[in-house]
Amino acid sequence: MGKKKKHIQTDKERQFQEEAARKRKELAAARRLKRVKDAWWLVGFACALFALSLGFTVWTVARMHNFETNYLTVSGTVSDYKVHHGSATTGHYSRTTYTLVISYTVGGREYEFSDTVAYRARPTDMIGTTTEIYVNPLNPEKAKKVTTADDPSIVSAIIFPFSAIIYTLGVLLLLQEKGSSFVKRLFRIWLPVFLWCATSVLLFWIGLPDNRFSAVFTRVEGAIGYAVVGGVALIAILIDGIISKKNR
């Protein structure tokens with residue numbers, strides 16, 4: 001049996017193969033460019049959310065500093081609660097909520113105000129309990145519960161984790177294109193997230209000039225949220241480091 005004759009590639013076949021290879025490279029480059037654009041879009045969106053959370057953090061610091069320096073801190077007593085019925089929607093009423101009525105005394109005169117925090121369950125067990133409140137010395141009728149005065153910090157602590165997650169996804173996509181390593185993830189993702197959490201807690205402390213650092217977590221509820229996210233970042237550093245070491 002004779003040997004099979006070797007096929008000699010024609011110029012037309014070679015041009016066809018070169019054109020197919022070029023198109024594959026262009027398609028791969030276009031896909032890579034799209035991934036990079038998507039990654040930067042995620043990072044940009046994360047930065048916008050971060051700026052929003054920063055705004056609420058600054059608002060908290062300014063607000064708490066004003067309360068701490070210009071208001072009286074007195075003890076109030078939960079004397080009653082108010083019932084709030086939601087408006088009728090789609091043929092039924094939304095769930096009933098309750099807010100506390102707090103009584104307090106300033107200059108020998110008694111006052112009361114209704115807190116803004118809504119409870120789903122009837123807070124009968126809170127009647128008679130005491131709580132710290134801020135009172136305007138120039139207008140004692142104006143008061144705010146200490147744990148309600150930091151509402152912007154709670155909003156900030158809710159927004160920031162979303163910005164951190166979106167930022168992490170965006171940077172991971174960028175590192176996937178440029179080459180990822182534990183050191184790069186450490187300095188571009190985990191440490192920035194942790195350091196900002198720590199910075200935010202310290203910023204909240206500025207709003208409490210006459211208090212110890214521990215007061216941040218009792219007077220600013222949002223600080224707890226940042227502490228949790230910071231703890232998650234530390235755990236991520238530990239896990240990422242262990243996995244990276246095992247894969248070497």
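In this chain, numbering begins with 1 at the start of the sequence shown.
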Honestly curious: do [X] and [Y] fall in one hydrophobic cluster under the side-chain, below-4.5 Å linking rule?
| X | Y | answer |
| --- | --- | --- |
| Trp59 | Val220 | no |
| Val171 | Phe194 | yes |
| Ile127 | Val83 | yes |
| Leu202 | Phe160 | yes |
| Phe182 | Ile242 | no |

Derivation of the side chain to side chain contact (heavy atoms under 4.5 Å, CB included) call for Ile133 and Val74: CA-CA 6 Å; Ile133 60 175; Val74 302; 3.4 Å; yes
With rounding to the nearest 0.5 angstrom, report the [atom1] to [atom2] distance, [X] to [Y].
| X | Y | atom1 | atom2 | value |
| --- | --- | --- | --- | --- |
| Asn211 | Thr73 | CG | OG1 | 8.0 Å |
| Thr148 | Asp115 | OG1 | CG | 3.5 Å |
| Ser214 | Arg219 | OG | CZ | 10.0 Å |
| Asp151 | Lys145 | CG | NZ | 10.5 Å |
| Leu52 | Ile159 | CG | CD1 | 4.0 Å |
| Ile239 | Ser244 | CD1 | OG | 11.5 Å |

Criterion side chain to side chain contact (heavy atoms under 4.5 Å, CB included) on Trp190 and Thr168, from CA distance to verdict: CA-CA 8 Å; Trp190 312 130; Thr168 299; 4.2 Å; yes
Check whether any side-chain heavy atom of [X] lies under 4.5 Å from a side-chain heavy atom of [Y], and answer yes or no.
| X | Y | value |
| --- | --- | --- |
| Tyr81 | Thr124 | yes |
| Val146 | Thr131 | no |
| Glu110 | Ser103 | no |
| Phe56 | Ser53 | no |
| Val135 | Lys142 | no |
| Thr129 | Thr77 | no |

Aromatic ring pairing Phe213/Trp205, orientation class (parallel under 30°, perpendicular over 60°, tilted between): perpendicular
Parallel, tilted or perpendicular: rings of Tyr134 and Phe67 (30°, 60°): parallel
Step-by-step side chain to side chain contact (heavy atoms under 4.5 Å, CB included) determination, Ile237 to Leu191: CA-CA 8 Å; Ile237 292 173; Leu191 275 183; 4.3 Å; yes
Looking only at heavy atoms, which two atoms of [X] and [Y] are closest? And how far apart?
| X | Y | value |
| --- | --- | --- |
| Glu112 | Ser79 | OE1-OG, 4.2 Å |
| Tyr167 | Ile189 | CE2-CA, 4.1 Å |
| Tyr111 | Val106 | CE1-O, 3.8 Å |
| Val201 | Ala223 | CG2-O, 4.0 Å |
| Trp40 | Leu174 | NE1-CD2, 3.6 Å |
| Pro161 | Val229 | CG-CG2, 3.8 Å |

Using a 3.5 Å distance criterion without hydrogens, assess whether the side chain of [X] forms a donor-acceptor pair with backbone atoms of [Y].
| X | Y | value |
| --- | --- | --- |
| Tyr119 | Leu100 | no |
| Thr60 | Ser153 | yes |
| Arg63 | Ala149 | yes |
| Asp150 | Glu221 | yes |
| Ser163 | Leu49 | no |

Qualifying residues under side-chain contact (heavy atoms from CB on, under 4.5 Å), relative to Gln176, sequence neighbours excluded: Leu173
Tell me whether the count of non-hydrogen atoms from other residues, nucleotides or ligands lying under 6.0 Å of [atom1] in [X] goes above 12.
| X | atom1 | answer |
| --- | --- | --- |
| Phe45 | CZ | no |
| Lys37 | NZ | no |
| Phe162 | CZ | no |

Step-by-step side chain to side chain contact (heavy atoms under 4.5 Å, CB included) determination, Ile158 to Val155: CA-CA 5 Å; Ile158 291 174; Val155 178; 5.7 Å; no
Qualifying residue for salt bridge (charged side-chain N to carboxylate O under 4.0 Å, His left out) with Asp240, from Lys245, Lys246, Arg185: Arg185
Distance-only polar pair, side chains of Ser156 and Tyr226, donor-acceptor under 3.5 Å: yes
